[in-house]
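To start, the structure itself, in structure tokens.
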2 protein chains.
Amino acid sequence: MNIDALGLVPVTATGEVPLYRQVKRELLRSIETGRCGPGKVLPNETVLAAALEVSVGTLRRATDELVHEHVLVRRQGKGTTVATHTHDRFLFHFFHVEPRPDPLDSDRMPVSHYPVVECMGFDKDKATLIEAAVLWIRAGDPVYRIDNRLKLDGHLVAHDHIVISSVLFKGLTEKRLLDRPSTIYALYQSEFGITVLRAQERARAAGTTRHTARMLGLPVGTPAIEVHRVALTFGDKPVEYRVSTVNTQHHDYVSLLSKRL
Amino acid sequence: MNIDALGLVPVTATGEVPLYRQVKRELLRSIETGRCGPGKVLPNETVLAAALEVSVGTLRRATDELVHEHVLVRRQGKGTTVATHTHDRFLFHFFHVEPRPDPLDSDRMPVSHYPVVECMGFDKDKATLIEAAVLWIRAGDPVYRIDNRLKLDGHLVAHDHIVISSVLFKGLTEKRLLDRPSTIYALYQSEFGITVLRAQERARAAGTTRHTARMLGLPVGTPAIEVHRVALTFGDKPVEYRVSTVNTQHHDYVSLLSKRL
DNA sequence: CCCAATTTGTTCGTATGTATA
DNA sequence: TTATACATACGAACAAATTGG
């Protein structure tokens, strides 16, 4: 990766915002504007620090935070890269369903295999009021609706209803969706240049509807967890609204702090 | 806080474990063994670094991590203290229920008032197999059982069933429990010297039972979220097992990452 | 209100260790 | 083996917040 292509501007002491915060913003800006896409290897620390006119220590403090936020990935001897959703780490960062362990034998945690996703529907539609409010678009704006079913260890564990703006994801087709080699967030990133950085999730209990019950192979009205997720990119801009109905007969919804921060 | 009272031993370069990790362990050891209890102000960085025979920068790196893990609290100009559960921050660190916002008007987040806790039961009993496995004790060992009901903004939002070892919390009485000025974790800390550092939570959906339905003022069988929490202290030792039944009619269970890491 | 002492926060620069290709 | 890049460690200087006089 060429240092000039990044378009970095030297930062200056303001007495208000610390230098390392400004460095962080500069790096984020370079990534957001696509001057330095996912997977790219950044110039080494000495070069970056020189370009930004700060010491290496200050640069490191900025990148430290970006690494913690999963924006960058650093590896000793190799270099620093912009994180991609193909890194395994990310998959579980946004997937919070795990097989329920046997409490009497908690030593052996059940191994969670990769979820198998089955697409049950793909449509173009108009956004409802709520969807529009969540996605920062107008009611009636065109959206894609995706219905997925997730299997884990042979069990039907979740049904996802995904809503995304068809302006943001122009040209998405069912075929491209089905042909994706990795997760849907990796698809967002590689095909549409949209990187999901974090997600807000709120969970509530709800009985399964006729639709979700059929999808999960459960009787109608079985208590299930309904997770409402808003996926956010840079600047906390919402890019996806997803409602997951989780079958908790044999699996749990796991809050992230449990995963050892 | 006297530097000698901390019982810190100088760390040495091993070539295996980084110095700052050893410093961290030393500080943790001093806190765990009670040589430096919650709320205590540590000696300043220069003194600490000298006692541990490392540079200030190395000491800071260790304390940085402890601050991130909420073990220490640093404030410019004041000093570094061992975290207590009286800090407001902690209350919400372990309380994950929020009023559901209006999705059409998400600007104005509903203000979450402090939950009002009502004790509905306090008993001495024997641990079940599962409780024993979770708490690292033997089945039949004596435990306290506490039944609490939580009100938020006038709504009954949760019923907690709390199980703790009565060996660990020897001398706990209903009166001392009811008279606590702050949260129950602050009580654990101030009265029994047990600091809850983090918690593992797993959630599942379940219909309310006769008992929980009555507690929450809901019809029997209403879908609710059942949160199983194990609270951990130093060394990830379990100290409390709690099953919360959350009424999600007007409130959500919020995963922690949503709270802006 | 301001001053001075104390303590953490930020920034710099350098040297050396360690993983990678 | 060598070169590269990140990881760790040191020490110094100044800025900013807090407290007490």
Side-chain angles (χ1 to χ4, degrees), chain A residues 1-3 6 8 10-27 36 39-83 87, chain B residues 1-3 6 10-27 36 39-83 87 89:
Chain A
M1 186 86 203
N2 190 331
I3 180 65
L6 264 56
L8 297 176
V11 295
T12 52
T14 60
E16 186 68 25
V17 180
L19 270 184
Y20 71 88
R21 292 266 176 207
Q22 298 183 56
V23 170
K24 193 175 158 187
R25 277 215 301 253
E26 268 299 298
L27 292 172
C36 179
K40 285 287 166 54
V41 181
L42 296 183
N44 73 51
E45 297 176 332
T46 318
V47 174
L48 274 179
L52 292 157
E53 296 179 11
V54 295
S55 73
V56 182
T58 302
L59 174 82
R60 270 190 76 82
R61 177 138 188 201
T63 54
D64 274 345
E65 292 196 359
L66 291 172
V67 167
H68 265 91
E69 293 163 18
H70 307 299
V71 175
L72 295 180
V73 176
R74 270 194 316 214
R75 258 172 306 183
Q76 185 172 2
K78 293 194 69 170
T80 304
T81 58
V82 181
H87 293 124
Chain B
M1 187 83 204
N2 189 331
I3 180 64
L6 264 55
V11 295
T12 52
T14 60
E16 186 67 24
V17 181
L19 270 183
Y20 71 89
R21 291 269 175 204
Q22 298 183 56
V23 170
K24 192 174 158 187
R25 277 215 301 253
E26 268 299 298
L27 293 172
C36 179
K40 286 285 166 54
V41 181
L42 296 183
N44 72 51
E45 296 175 335
T46 318
V47 174
L48 274 179
L52 292 156
E53 295 180 11
V54 295
S55 72
V56 181
T58 302
L59 173 83
R60 272 191 74 84
R61 175 132 188 206
T63 53
D64 275 345
E65 292 197 359
L66 291 172
V67 167
H68 264 91
E69 293 163 19
H70 307 299
V71 175
L72 295 181
V73 176
R74 270 194 316 215
R75 259 173 305 183
Q76 186 174 178
K78 293 195 68 172
T80 304
T81 58
V82 181
H87 293 127
R89 196 173 175 351

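Predicted, not measured: the structure shown is a model, and the values here were computed from it.
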Integer-rounded Å distance: [N] [atom2] and [X] [atom1]:
X: B/Glu16; N: D/dA9; atom1: CD; atom2: P; result: 13 Å
X: B/Leu52; N: D/dA9; atom1: CG; atom2: C1'; result: 14 Å
X: A/Lys78; N: D/dA3; atom1: NZ; atom2: C1'; result: 16 Å
X: B/Leu19; N: C/dT16; atom1: CG; atom2: C1'; result: 13 Å
X: B/Glu53; N: D/dA9; atom1: CD; atom2: C1'; result: 15 Å
X: A/Leu72; N: D/dC6; atom1: CG; atom2: C1'; result: 13 Å
X: B/Asn44; N: C/dT7; atom1: CG; atom2: P; result: 5 Å
X: B/Leu59; N: D/dT8; atom1: CG; atom2: P; result: 16 Å

Counting the atoms with a prime plus P, OP1 and OP2 as sugar-phosphate, which does [X] contact under 4.0 Å by heavy atoms, base, sugar-phosphate, or nothing?
X: A/Gly57; value: nothing
X: B/Val54; value: sugar-phosphate
X: B/Thr80; value: sugar-phosphate

Would you say [X] reaches [N]'s phosphate, i.e. side-chain N/O to OP1/OP2 under 4.0 Å?
X: A/Arg74; N: D/dA7; value: yes
X: B/Arg61; N: D/dA9; value: no
X: A/Arg60; N: D/dA7; value: yes
X: A/Ser55; N: C/dG13; value: no
X: A/Tyr20; N: C/dT10; value: yes

Flag side-chain contact, heavy atom, 4.5 Å: [X] against [Y]:
X: A/Asp64; Y: A/Arg74; answer: yes
X: A/Leu19; Y: A/Leu52; answer: no
X: B/Val54; Y: B/Gln22; answer: no
X: B/Thr80; Y: B/Val67; answer: no

Problem - Side-chain donor/acceptor contact of A/Gln76 with base of C/dT20 under 3.5 Å - result: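 Looking at the base of C/dT20, it does not pair with any donor or acceptor on the side chain of A/Gln76 (distance under 3.5 Å).
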
Handout entry: Candidate pair A/Leu66 and A/Glu69, rule side-chain contact (heavy atoms from CB on, under 4.5 Å), full reasoning
Key = CA-CA 5 Å; A/Leu66 291 172; A/Glu69 293 163 18; 4.2 Å; yes

Handout entry: Closest nucleotide among C/dT10, D/dT18, D/dA9 to the A/Pro18 side chain
Key = C/dT10

Practice task
Could you please name the option among D/dT8, D/dC10, C/dG9 that lies closest to any side-chain atom of B/Glu45?
Solution key: C/dG9

Problem - Closest-nucleotide 5' rank along DNA chain D - winner of A/Asp64 and B/Arg75 - result: A/Asp64

